[in-house]
Visitor: 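So that we are looking at the same thing, I have put the structure below in structure tokens.
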Amino acid sequence: MPRCRIGRLLCALVIGASFPPLFTSAEIVLGEPPRAPTDLTGLPGGGIRPQGANGDFTVNTDSREEVRSFYNAVYRSSDGVLMHTTANVAACFPGTNSTALKEAVQRRINWYRAMAGVPANVTFDAGNNVMNQDAAVMMSANTNLSHTPPASWFCWTASGSNAANRSNIALGTSGPDSVTGYMRDHGANNTYVGHRRWLLYPQTQVMGTGDVPAAGNFLAANSIWVFDANLHEPRPPTRTPFVAWPPAGFAPYQTVYPRWSFSLSGANLSAATVTMRSNGVNVAVAIAAYQTGVGENSVVWVPMGLNANSQNTVFPFNGTDTTYTVAISNIVGAAQNFYVYTVTVFDPASPGMDYTPPVISGPTQPAVGQGNLYTFTGLSYASGYEWRASRASNFNFFDGAEANLNNFTTNTSPGYAVRDSTYRATGSFSFRLAHPAPAVEQTLTLKQSFVPKTNGALNLKTRLGYAADGETAHIQISTDDGVGWQDIFTQSGVGNGVSAPIEAAFVNRSFPLSAFAGQNVRLRFSYTYTPGFYYVYPQSGLPIGWYLDDITITNAEVWTVVASNTTPTTSFTFTPTQTTHYNLNVRGILYDVYPLDWGPTMTVTATTNLPMVLTMNAPVVAGGQVQLPFTLVSGAPASFKLLQADQPGGPWSTNASATLTTNVPGSAYRFTTAVGPAARFYRVKSP
């Protein structure tokens, strides 16, 4: 019979000895947004604080490619960061989380702020983090949310209560995902998107975060501090007078939510009207009740009759760039009483018309043992570049789980073995992913990256056993060394439970990898949980979870990097060490930290005894001297001499007084000599 714990925790259902435990976890619950404090005493704040890698972002939202790169490189870098917490909610011990987790939360906040056009220079105060951690533990321990928790609550502390009063708070989510939850701001109590408005408040410079993961019967929780001493300071410059979400310009479809908002400081938007059009067709909108006192004054609306109260409602997107024109009118108390802007929803996985990858130019037969100069097309928004040279070797792979986990890295929950001997397709073992606890992604990642050929393929056998509607199996490929992952296969469980496994036996599955030909990729198997039902492992003798066997990769290569470096310019020098084929690639870097996708491959063949080829560049005459730059296109470095003549046909003589300067070793040089007669001709020769 059912066993349930009162509140928003877990409910278990057991039907007979052959039916495994089935659990459901509460959905993400957001509390009411906090109200602005009247007393700012003790709040951190002050001047602008430089952010480096985690903030001070800017982005041109009118550029599809710049927004696409900003999302792929920066937003996704805050996905999947491990918490490594020492918190213990059952013992009311707040513990600490990894620095990487806190940086990922900060980075996610600053990403949204940059996209919205407000200063993206938020820092975290260490004291705030400590108090937020107390608050998160308190919320999780009580399975409840309150900005004024009573002292009778489990794990109550004065510091946790203080943080709760000054923070966005949530249950069922933690880390960067909680920032996304606040920006989505679903729920009937969030019609005016107060959490979003605080995260995007232009004056704010200092925040904090506290996070605990789900553990046992305790839900994940988050608390993000949103007030600092700058609350009533003058408003800093923003990209536009208003702050909208989604912002004007290009917006990745993953970050466009059912509730749209438009904020304008000091304006009265209580009677504002909103109209939307797309492709010349009116879009129905429902304007929410007007609410002040949370962030900047805002009008909020829901297009298309969407259910904005559910976290599972997504904004409609068919994969094609779609532009919406938004008009806000009847604005009172502002310099302008109406605004019109456009939002283009797009897929950041797909390059657009403005995509210009770094294409390499240079010698196709570089000389062994000498520096060979290469140039490439640049990116206006990149802070620098990385280049690499690699050598290819054939790669054919097979793993049936017989040799332990040597070929894989795992990120799984304790409580079960990733190698299983009970259910397998062949041999004695298979790989298995399951959910001992909710809200934890289970992953099996191939250590070796590889490059598919045009006929490359992945073949394997899989079996989805007992799986409910909160569980999904994914086969995924990453083209950016594991920063972001794209599905090539998904399979979800069914409803609130089934009386038999989803699949009675292993199924052969084959996936061509031609779409990734020539790209260095990673392979991952992921078993995810979203709010809903899930089957709890362990349960002796029952196939719970997802099983994989006989994983095979054919027609692929491994590219071993033999040289690489960063460069602030659009050129680099490559010195091959042997006569063989090399693959050259370049990728841009954002903010000196976040790499973009690798550009097209240039395959070169290094060789020896190349004939020397020189090119003369335009001479420069200044100060009674003539500078004669030249480039060594091919051939080994050697000594050079400058010849001169008064007529193109000669006779030629050596200019022994000329000075030779090396600009780039092995490639770029310059002779300098005194200006001669009105007409003089020069050429460079190697002895």
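Side chains are part of it too, since the values below use all heavy atoms of this structure and drop only hydrogens, waters and symmetry mates.
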Visitor: Over all heavy atoms of both residues, which pair between T672 and Q627 is shortest? Give the atoms and the distance, please.
Guide: OG1-CG, 4.0 Å
Visitor: Do R432 and Y416 meet the cation-pi criteria used here (NZ or CZ under 6.0 Å from the six-membered ring centre, within 45° of the axis)?
Guide: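 Verdict for Y416: no cation-pi partner in R432.
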Visitor: If you round to the nearest 0.5 Å, how far is OH of Y591 from CZ of F70?
Guide: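 It is 4.5 Å, given to the nearest 0.5 Å.
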Visitor: Minimum heavy-atom separation for V59 to A114, with atom names?
Guide: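 Result for this residue pair: CG1-O, 3.6 Å.
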Visitor: Assign the ring pair F506 / Y547 to parallel, tilted or perpendicular, where the plane angle (0 to 90°) is split at 30° and 60°.
Guide: perpendicular
Visitor: Indicate yes or no: at least one non-hydrogen side-chain atom of W546 is less than 4.5 angstrom from one of Q442.
Guide: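 No; the side chains remain at least 4.5 Å from each other.
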Visitor: State, with a plain yes or no, whether a side-chain heavy atom of T445 is found less than 4.5 Å away from one of R522.
Guide: yes
Visitor: Kindly compute the distance separating OG1 (T577) from CZ (R391), expressed to the nearest 0.5 Å.
Guide: 5.5 Å
Visitor: Hey, are the side chains of V586 and F572 touching, using non-hydrogen atoms and a 4.5 Å cut-off?
Guide: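 Heavy-atom side-chain distance check passes, below 4.5 Å.
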Visitor: Restricting to non-hydrogen atoms, name the atom on V105 and the atom on P176 that form the minimum distance, rounded to 0.1 Å.
Guide: CG2-N, 3.7 Å
Visitor: Once you round to the nearest 0.5 Å, how far does CG of L444 lie from CD1 of I475?
Guide: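 The distance works out to 11.0 Å.
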Visitor: Return the CG to CG distance between N520 and N585, rounded to the nearest 0.5 Å.
Guide: 8.5 Å
Visitor: Evaluate the ring planes of Y669 and F640, with Trp represented by its six-membered ring, and classify them as parallel (under 30°), tilted (30 to 60°) or perpendicular (over 60°).
Guide: tilted
Visitor: Considering residues at least two apart in sequence or located in another chain, which fulfil the side chain to side chain donor-acceptor pair (under 3.5 Å) criterion with D321?
Guide: R64
Visitor: Does a salt bridge link R108 with D79, judged by any charged N lying under 4.0 Å from a carboxylate O?
Guide: yes
Visitor: Is there a side-chain contact between M115 and T255 in this structure, where contact means two heavy atoms from C-beta onward sitting under 4.5 Å apart?
Guide: no
Visitor: On a heavy-atom basis, which atom in F57 and which in W111 lie closest, and how many Å separate them?
Guide: CD1-N, 4.1 Å
Visitor: I need the I553 CD1 to I551 CD1 distance, nearest 0.5 Å.
Guide: 8.0 Å
Visitor: Check whether NZ of the Lys or CZ of the Arg R419 lies under 6.0 Å from the centre of the six-membered ring of F431 and within 45 degrees of that ring's axis.
Guide: no
Visitor: Can you confirm whether more than 12 heavy atoms, excluding those of K447, are under 6.0 Å from its NZ atom?
Guide: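 Atom NZ in K447 is crowded, with more than 12 foreign heavy atoms closer than 6.0 Å.
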Visitor: Given K461, which of D549, D399, D550 fulfils the salt bridge (charged side-chain N to carboxylate O under 4.0 Å, His left out) condition?
Guide: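 Only one option passes, and that is D550.
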Visitor: With the side chain counted from C-beta on, respond yes when F376 and L584 share a heavy-atom pair under 4.5 Å apart, and no when they do not.
Guide: no
Visitor: For F395 and F397, take the angle between the two ring planes, folded into 0 to 90°, and tell me which bin it lands in: parallel under 30, tilted 30 to 60, perpendicular over 60.
Guide: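 Rings of F395 and F397: parallel, as their planes differ by under 30°.
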Visitor: Ring pair (Phe, Tyr, Trp, His ring centres under 6.0 Å) between Y582 and F574: does it pass, once the steps are laid out?
Guide: CA-CA 10 Å; Y582 294 91; F574 170 50; 5.1 Å; yes
Visitor: Could you tell me whether D597 and R587 make a salt bridge, using a distance below 4.0 angstrom between a side-chain N and a carboxylate O?
Guide: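 So D597 does not pair with R587 through a salt bridge.
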